[in-house]
Protein chains: 2
Amino acid sequence: MQTALATAGLPPVFSTSLPGRALPLPTTEARPGHRRIVAAEAEIFAEGDRAGSFYKVVSGVVRTYRLLADGRRQIDAFHLPGDIFGLEAGAEHRFNAEAVTEAQLEVHRREPRALAGDGGALAREVVASMMRGLERAQDHMMLLGRKSARERIATFLLTMARRMACGGTALELPMSRTDMADHLGLTVESVSRAVTQLERDGLIALPPNRRMVVLRDMEALADLSE
Amino acid sequence: MQTALATAGLPPVFSTSLPGRALPLPTTEARPGHRRIVAAEAEIFAEGDRAGSFYKVVSGVVRTYRLLADGRRQIDAFHLPGDIFGLEAGAEHRFNAEAVTEAQLEVHRREPRALAGDGGALAREVVASMMRGLERAQDHMMLLGRKSARERIATFLLTMARRMACGGTALELPMSRTDMADHLGLTVESVSRAVTQLERDGLIALPPNRRMVVLRDMEALADLSE
DNA sequence: CGTAGCTTTGAAGGCGCTCAAATTCTGTGG
DNA sequence: CCACAGAATTTGAGCGCCTTCAAAGCTACG
């Protein structure tokens, strides 16, 4: 499937396959860029750091976020295996990045030749990733600007289910309720209440392990996401 | 100033100059892509339309937005002269686009050769624009997720002032209060109240023409934007 | 000068927030 | 295997910011 950007004369590797899905890279050939393992909750980079490298998630989950002066936090994205993050237009990182779970990362220096190296494959992947990031950001603006707490949770659960490519309807959320709250523009309490209410209404089930969620009524959830 | 992406081996035209500023293109050489004039409030394309072209604003202002099933609207961005919009990864437009004011557009078909044509200058411009769009979206998520009505208005006014490159402190907003509301995740009434309150507090002045705003206390406004 | 539309203002209500506390889960040690 | 500590999550009560509904005020334009 050819995509618009590819068609626009940009690197044609835009095999965006399913929009929003993070596939484990098919291209596993050797690439410049070493591996790095970070423990859960460990910092990867901070706002203002020199943006000398960018990263690709191999395994685990990463969050990128910004803070207001008084500590309010907005998590702009959770990065799953296959996702690229930390690439900046300017010289410094505009976000903080931390591992949500233990994570394995591919670190890439942002030197021209390093990327041009493999025939531009990584460069094309980067552009594709940027495009996916933009689309996700756009979807998320709709969520933050116009959806109710209930709708935000429904949307989030469906999105995570799709991205984590869990064939079934059960998914294990890698992040805490607080992380969800700071991603969805809510408080922890509101997240908890909305999740509980979705369970009461039978749209989802919550096994004793609170990180687990079973999607019981995909259609109703999709309606809530509109 | 070299930028990260440029450094990353991508098209090196990333002269993102000042982040967030829309300059009137310096490169005015002939380009494939014809002009199109749209009247104020006229539709440019709709969600679901085949995304055969993308656009660059020459003059005027354009809004792109999406609707929820029940009509709630989220304006993801206002596009000012120099901005590119309507470029999609998929085959269809994911947004609606309408002219806010009468606008002059450069229409570009998204064919490979059309872009490769001028030595890739347009292609590089497109990537740069995508990156700027992503940064704006990220800033906007912070606004929508975590800022109060007052803070949203302050942030919006400062951003528009910067983007419209009005040397002074007076700016003429091209859009209605309703448009502002649907961009800022508020209601018209809340926008009006917050604007009025900023005036009472002396941070801005409102000439009788309600589209005009004078920024009286940039520092206080900046503090509100944090 | 009159009308239509946008903007502002007013009053009341609700959703999500704040503050507080109970409950459940997890991991550790006995 | 069970008990316990600490953390995460859930639940409860009251409040506040923004929304909703309604109407008045302004501006722009014919």
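To find a chain, count down the sequence lines: A is the first, B the second, and so on, and within it residues start at 1. Given the structure is predicted, the values throughout are model-derived calculations rather than measurements.
For A:Asp223, there are no side chain to side chain contact (heavy atoms under 4.5 Å, CB included) partners at least two apart in sequence or on another chain. By the side chain to side chain contact (heavy atoms under 4.5 Å, CB included) test, A:Thr155 is found to be paired with A:Leu143, A:Lys147, A:Thr159, A:Ser225, residues two or more places apart in sequence or in another chain being considered. Residues meeting the side chain to side chain contact (heavy atoms under 4.5 Å, CB included) test with A:Val58, sequence neighbours left out: A:Arg35, A:Gln104, A:Glu106.
Nucleotides of DNA chain D lying under 4.0 Å from heavy atoms of chain A occupy a range whose first and last members, 5' to 3', are D:dT9 to D:dA13.
Applying the salt bridge (Lys or Arg N to Asp or Glu O under 4.0 Å) test to every pair with at least one member in residues 182-210 of chain B, sequence neighbours left out, gives these pairs: A:Arg146-B:Asp182, B:Arg73-B:Asp182, B:Arg150-B:Asp201. Here ring pair (Phe, Tyr, Trp, His ring centres under 6.0 Å) pairs that include residues 171-208 of chain A, with residues two or more places apart or in two chains, are A:Phe78-A:His183, A:His140-A:His183, A:Phe156-A:His183.
Across the protein-nucleic acid pair, B:Met180 atom CE and C:dC6 atom P stand 15 Å apart, rounded to whole Å.
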key: Verdict with reasoning, A:Arg66 to A:Gln74, per side-chain contact (heavy atoms from CB on, under 4.5 Å)   = CA-CA 6 Å; A:Arg66 302 168 84 181; A:Gln74 177 65 40; 5.6 Å; no
ask   = Taking it one step at a time, do B:Val191 and B:Ile153 satisfy side-chain contact (heavy atoms from CB on, under 4.5 Å)?
value = CA-CA 7 Å; B:Val191 168; B:Ile153 299 294; 3.9 Å; yes
inquiry  = Quick one, B:Val57 with B:Leu105, criterion side-chain contact (heavy atoms from CB on, under 4.5 Å). Give me CA distance, side-chain angles, the key distance, then yes/no.
reply    = CA-CA 5 Å; B:Val57 181; B:Leu105 306 175; 4.2 Å; yes
inquiry  = I'd like to know whether A:Asp83 forms a side-chain contact (heavy atoms from CB on, under 4.5 Å) with A:Arg136, so could you lay out the CA-CA distance, the side-chain angles of the two residues, the decisive distance to 0.1 Å, and finally the verdict.
reply    = CA-CA 12 Å; A:Asp83 291 343; A:Arg136 286 204 195 118; 3.8 Å; yes
Quick one: side chains of residues 40-55 of chain A, donor-acceptor pairs under 3.5 Å with protein atoms, not counting sequence neighbours, listed by atom name and distance.
from	atom 1	to	atom 2	distance (Å)
A:Glu41	OE1	A:Arg63	NH2	2.9
A:Asp49	OD2	A:Ala46	N	2.9
A:Ser53	OG	A:Arg109	NH2	3.4

Could you pull out every donor-acceptor pair under 3.5 Å between side chains of residues 168-176 of chain A and any protein atom, sequence neighbours left out?
from	atom 1	to	atom 2	distance (Å)
A:Ser176	OG	A:Thr178	N	3.4
A:Ser176	OG	A:Asp179	N	3.1

Between N or O atoms, less than 3.5 Å apart, protein on one side and nucleotides 1-4 of chain C on the other: list the pairs.
none

Provide a list of protein-nucleic acid N or O atom pairs under 3.5 angstrom, restricted to nucleotides 13-19 of chain C.
from	atom 1	to	atom 2	distance (Å)
C:dG16	OP1	A:Ala149	N	2.7
C:dC17	OP1	A:Thr187	N	3.4
C:dC17	OP2	A:Thr187	N	3.3
C:dC17	OP2	A:Thr187	OG1	3.0
C:dC17	OP2	A:Ser190	OG	2.1
C:dT18	O4	A:Arg193	NH2	3.0
C:dC19	N4	A:Glu189	OE2	3.0

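Counting only heavy atoms from C-beta outward, the side chains of B:Leu157 and B:Leu203 never approach each other to under 4.5 Å. Taking 4.5 Å as the limit, every side-chain heavy atom of B:Val62 sits out of range of all side-chain heavy atoms of B:Val38.
Only A:Thr196, A:Arg210, A:Arg211, listed by number, bring a heavy atom of residues 195-216 of chain A to less than 4.0 angstrom from any atom of DNA chain D.
In the helix from C:dC1-D:dG30 to C:dG30-D:dC1, the terminal helix axes, each the rotation mapping four pairs' C1' atoms onto the next four within five end pairs, subtend 30°, rounded to 10°.
Of the possible donor and acceptor atoms, none in the side chain of A:Glu226 sits under 3.5 Å from a partner among the backbone N and O of B:Leu68. The backbone N or O of A:Val61 lies less than 3.5 Å from a partner atom in the side chain of A:Thr101, making a donor-acceptor pair.
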